[in-house]
Amino acid sequence: MIDLSVDFGFIKLKNPVLAASGTFGYGIEFSPFIDLNKLGGFVVKGLYYSPRPGNPPQRLVETPSGLINAIGLQGIGVKKFAEDILPQLRKYQTAIIVNVCGETEEEYAKVVDFLNKEDGVSLYEINISCPNVKKGGLCPAQNPESTYSVVHLVKEVSARPVITKLSPNVTDIVEIALSAQEAGSDAISLVNTFLAMAIDVETRRPKLANTLGGLSGPAIKPLALRMVYQVVKHLNIPVIGIGGIMTDQDALEFLIAGARAVQVGTANFVDPEATLKIIQDIQRYCELNKINRIEDIIGTLNE
Amino acid sequence: MIDLSVDFGFIKLKNPVLAASGTFGYGIEFSPFIDLNKLGGFVVKGLYYSPRPGNPPQRLVETPSGLINAIGLQGIGVKKFAEDILPQLRKYQTAIIVNVCGETEEEYAKVVDFLNKEDGVSLYEINISCPNVKKGGLCPAQNPESTYSVVHLVKEVSARPVITKLSPNVTDIVEIALSAQEAGSDAISLVNTFLAMAIDVETRRPKLANTLGGLSGPAIKPLALRMVYQVVKHLNIPVIGIGGIMTDQDALEFLIAGARAVQVGTANFVDPEATLKIIQDIQRYCELNKINRIEDIIGTLNE
Amino acid sequence: MFDILKDPHALITHKEHWKDYYLFTLESPIIASRAQPGQFIMVRVSSLPYPLLRRPFSIHSVGGKKIEIFFQKSGVGTSLLSNKITGDFMDIIGPLGKGFSWSQHSKTQDIVLIGGGRGIAPLYFLAQKLHSVGAAPKIFYGGNTKDDIPLKEKFEQKGFEIYCSTDDGSFGFRGLITDCFKDQLKNLTPKQIFACGPEPMMKAIYQVAVRKGIPAEFSLESVMGCGFGACWGCVKKIKTKEGTEWIKICEEGPVFSSFEIVWEEQEK
Amino acid sequence: MFDILKDPHALITHKEHWKDYYLFTLESPIIASRAQPGQFIMVRVSSLPYPLLRRPFSIHSVGGKKIEIFFQKSGVGTSLLSNKITGDFMDIIGPLGKGFSWSQHSKTQDIVLIGGGRGIAPLYFLAQKLHSVGAAPKIFYGGNTKDDIPLKEKFEQKGFEIYCSTDDGSFGFRGLITDCFKDQLKNLTPKQIFACGPEPMMKAIYQVAVRKGIPAEFSLESVMGCGFGACWGCVKKIKTKEGTEWIKICEEGPVFSSFEIVWEEQEK
Ligand SMILES: Cc1cc2nc3c(=O)[nH]c(=O)nc-3n(C[C@H](O)[C@H](O)[C@H](O)COP(=O)(O)OP(=O)(O)OC[C@H]3O[C@@H](n4cnc5c(N)ncnc54)[C@H](O)[C@@H]3O)c2cc1C
Ligand SMILES: Cc1cc2nc3c(=O)[nH]c(=O)nc-3n(C[C@H](O)[C@H](O)[C@H](O)COP(=O)(O)OP(=O)(O)OC[C@H]3O[C@@H](n4cnc5c(N)ncnc54)[C@H](O)[C@@H]3O)c2cc1C
Ligand SMILES: Cc1cc2nc3c(=O)[nH]c(=O)nc-3n(C[C@H](O)[C@H](O)[C@H](O)COP(=O)(O)O)c2cc1C
Ligand SMILES: Cc1cc2nc3c(=O)[nH]c(=O)nc-3n(C[C@H](O)[C@H](O)[C@H](O)COP(=O)(O)O)c2cc1C
Ligand code: FES
Ligand code: FES
């Protein structure tokens, strides 16, 4: 039997494959398709403290091997989540991660503070790519100081380990990752989506009602992988790789580069069984290559 | 007859479609396929002062709707270019743009200084994404001060108008574009390739001998378009859009967003006639939409 | 929602086409057994990363272990799909969404189904179902030219009364199907309307329906990321108890009633 | 170089296949008229953005207005290609590169062509050409199993003397084709060797050739961005007057002689 478990120190995952926030609903949407217990874990849709209406449609644009979304983090807010969703999730034996959002630093802390009292959440993943309304729409992830500041605040209130999820829309991803680490983040996940746009040449309007959105999917994998590769060299906390993962091969690229786990995003839309297939195929890869523990692959890039 | 010409102030192009540097050889490679005179112009492969050996292979990796390259700017150097290539290019009635590279700021200036004396070059495009060996491999395009500094130096020696070609691997593309404009750049072109990576999961080695390379092709179009959209709002010099342009529709997206011209890169490999087809199809689009001058489309995005 | 199934091996047992319109028969027993009129499936058009997303298609009919889809070739995904042949498998997810609902009195009432272009797709299944409960819906079917109403015979063969219109007058009533319908209102007193087609068409029908006080249901379209409620991409503005909200049409729709839909210009 | 042509309408007039190996006959009169053994074409496998790049294939034979390509299904591009059928068009660019060169004395000399797996592709055209100048090249053709040497009969039918090997011994000599060749060296005194196949195979042949002082030419492979000299992607280390250089094999190759190639581990 191949040991697919990965140990983060503060948590041990069954296997290194998680579902990414915003692409996996609140988890239950996938129960018709897969046994959620088989996942390394899943990250629920981004939660603000209050419910949010989200952006008007059109919210999605397909691009070559990619998807631009501008959902605008529509969501039910943390209270309704705790009331309606969390009770349904408690029965699952897998890591349940809440993706924490905020329009201000204080909102991040409020979400975490509220959830601290609720059972059934394993970890927090703070989504520092949320536009900060106070700071003119800039997001904390694009600046090392604001990254430090949000992470630090959240760590102070958090009763659970914290993953900081980075934005790829930066000059120097290592600098931001180091800030998050210094601020006490227990792990890093990257990447969130790339800021993108599409125009309808007939109407000459942006295809998205919001004009700009975030690009995900296979198109971005080479960029995400590069960032993970750069970041792992400098961090001593675990890194979770995200971006365009569709197959076991994609996932393995991230693990070999040094990610200790991966998140599967857009692929869940294309194939709701994608996460499980990737787990099975990683297992098969290990068998073929006589690897007994997935940990023996992580960070083995041979340069 | 539809007027496809675009006026940059300092130069008037027959039409807004140029071929991008490094994807069009020295131009002559495409003469079996197309009449170069029909192009708005073309940018030759990046030239350093001295010849450069380039990177070892493997230099190319195909990715979903994209291409990663790590050619390493192999090239013949500016003297051989002036002796062997330029005489062949002088017969063409189109804008011939030299892509200027340098390992140091001084090398950029040396290339320009040398070429100033040569006939047959219309414009310089300075490729500020070249790794600066003195500064530990960072490229000037990733920092507003170094951008300013290179552009300023080149403008001082240049006898011809200068386009500054920006890298997309930055947090704030507008800041860099403004620096280039302040330093006197006559136009801006964007984007160069996105830093990327791919791993062979069988050998667990990077697929590229150079480990990292630059991603181009349709995969990056939504990102490039977003950057052009952001930049045109803040500049008063012309902007040339580049990134993943394969069809007239792609080109039109950039023009509608406000680019005054576009460069076609990777598409030239896939279809060496791509540039001409795009010109023809833009013409057809104008006919269908009763647009008499292409200038009437530029920057007409209806938000 | 838990009745949703992914069937990666829906066998194409029959294929027909008229110009750009295609009719595929798919063997997918469980989906066939669960499907309701107005529901849809999500089809994977390629196993490659491009085109990336699945495409939504209404369930056009159900018979035994089989379902049909009827689609118009209009882009890269539908082009690839149109190249599939009998004997190929399709990877589909369904049945998805909430379908049409009709009253118990349907049997004895005038019921009108109005389809524009490919919008006819879900209405055949609905007509089948209504027929099976003893109702005799009247069909209004419009297109740009006579090439756009290829299913006319199919409805006729099943004995449905059908009114056709073409914008160019090449067949039937010359003009919009909504005008054709308004024209027939002198002879009809519909008690229920079901419509699917381009938004302007549906909006015009909505206006008639409201004016005449006829309950009406509409099948909406929207770009869908997943089709099963996970992406929040497919929303439309819908009236709820709390006011209006962006509601996922893949879960709560695609069919909504006159009273739920907020008809307005595409939000920008 | 100026003889290169893009032919977007190369008609597939015939298709054959053996397991994963495919032989396509393409009608492309101008490319056929210009092609030389060892040259190749770049094929657009899809009009969609994925897979993006053209794929290089050797010209396997020429006859009248037609050329053939022979390829092994080994990835996404060759899979898509393998689905094409007779009557389809292919978008190709060619003829590209510099081919094999043989001496004037070929007619009276022992000439050996050695192909491993799909590496046999360009050698059939070369054999055709040598045959037409009166030479009688001997063919060495190796594969993993007998399924990997599907062209054996084709060579035989044209009267070529052919030696086959399979790694598993399922047909012909058991072992590597290079060992089969070395084995035959007791009976042969080749004056020219032409080889195409996996690098280790070619390297082994190179060593024999150098040891025995036999001129040899090899057709190399490399990932190609364009195929016509524009991308600088396809380089290999080649000896030049100035030492060694990264040379574009699409322009200066893919065929090089023993004396030009720098055989070494894949640079990293
Ligand atoms: C619930 C539902 C049921 C549908 N049923 C049918 C049907 O039975 N028959 C039929 O012919 N068509 C139907 N459509 C429309 C059909 O899904 C689109 O025509 C199809 O997605 C176009 O794909 P494409 O790749 O050919 O076009 P492209 O324009 O290349 O597609 C690009 C992207 O836009 C999306 N898209 C394009 N047009 C539409 C549209 N009108 N609605 C939603 N998304 C769109 C695609 O899914 C894709 O993500 C339905 C749509 C919905 C939402
Ligand atoms: C000059 C030349 C002539 C060739 N002639 C033949 C021939 O006659 N018959 C034949 O079967 N094959 C031939 N090949 C190899 C053939 O080009 C590859 O098998 C093919 O490109 C694989 O494409 P794919 O999409 O199926 O594989 P994938 O692995 O999916 O391709 C991914 C990328 O890698 C490139 N690639 C993969 N394998 C090779 C390879 N071995 N050499 C170069 N690039 C590769 C592809 O072109 C593509 O860009 C030749 C290669 C070269 C360079
Ligand atoms: C529709 C959609 C919604 C998303 N919502 C969130 C979110 O709420 N919080 C978050 O941190 N990331 C969100 N993401 C980003 C993904 O979690 C992931 O980082 C990104 O899509 C890249 O991975 P992929 O290429 O595998 O999709 C969203 C992505 C998509 C496509
Ligand atoms: C093989 C290759 C070589 C390139 N060489 C250069 C270069 O020498 N100088 C430069 O400024 N850009 C170079 N580029 C970047 C292109 O000019 C262009 O900016 C980029 O590829 C994005 O456009 P595309 O997506 O249309 O290819 C190169 C790109 C490729 C693919
Ligand atoms: S299509 Fe994904 S939620 Fe409706
Ligand atoms: S393949 Fe482009 S230069 Fe050789």
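Note on naming: letters A, B, ... go to the chains in the order of the sequence lines (proteins, then strands), and numbering restarts at 1 for each one.
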Quiz prompt | side chain to side chain contact (heavy atoms under 4.5 Å, CB included) between Met246(A) and Leu48(C), worked out | solution = CA-CA 10 Å; Met246(A) 303 288 284; Leu48(C) 304 178; over 6 Å; no
Quiz item: Counting only heavy atoms not in Lys65(C), do more than 12 sit closer than 6.0 Å to its NZ atom?
Solution: no
Self-check item: Options Val223(C), Leu53(C), Ile93(C), ranked by heavy-atom pairs under 4.5 Å with chain A, top entry
Solution: Leu53(C)
Self-check item: Val76(C) side chain reached by Glu62(A) side chain, heavy atoms, under 4.5 Å
Solution: no
Quiz item: Are side-chain heavy atoms of Lys6(C) and Asp271(A) found at a separation under 4.5 Å?
Solution: yes
Quiz item: For the atom pair CD1 (Ile4(C)) and OG (Ser31(A)), what is the distance rounded to the nearest 0.5 Å?
Solution: 9.0 Å
Quiz item: Who among Cys234(C), Gly229(C), Gly225(C) has the most heavy-atom pairs with chain A under 4.5 Å?
Solution: Gly225(C)
Exercise. Kindly compute the distance separating CZ (Phe24(A)) from SG (Cys226(C)), expressed to the nearest 0.5 Å.
Key: 11.5 Å
Quiz item: Side chain, backbone, both or neither: which part of Pro218(A) has an atom under 4.5 Å from a heavy atom of chain C?
Solution: side chain
Self-check item: Aromatic centroids of Phe228(C) and Phe33(A) separated by under 6.0 Å
Solution: yes
Quiz prompt | Which atoms of Thr266(A) approach chain C - backbone, side chain, both or neither, heavy atom under 4.5 Å | solution = side chain
Exercise. Select one option (side chain, backbone, both, neither) describing which atoms of Met42(C) are under 4.5 Å from chain A's heavy atoms.
Key: neither
Quiz item: Any side-chain heavy-atom pair from Gln74(A) and Trp246(C) closer than 4.5 angstrom?
Solution: yes
Exercise. Taking atom NZ of Lys38(A) as the centre, report whether more than 12 heavy atoms of other residues, nucleotides or ligands fall under 6.0 Å from it.
Key: no
Quiz item: Checking heavy atoms, do the side chain of Pro8(C), its backbone, both or neither come under 4.5 Å from chain A?
Solution: neither
Self-check item: Where Arg59(A) and Trp232(C) come nearest, the two heavy atoms and their spacing
Solution: NH1-O, 2.7 Å
Quiz prompt | CG on Asn69(A) to SG on Cys231(C), rounded to 0.5 Å | solution = 8.5 Å
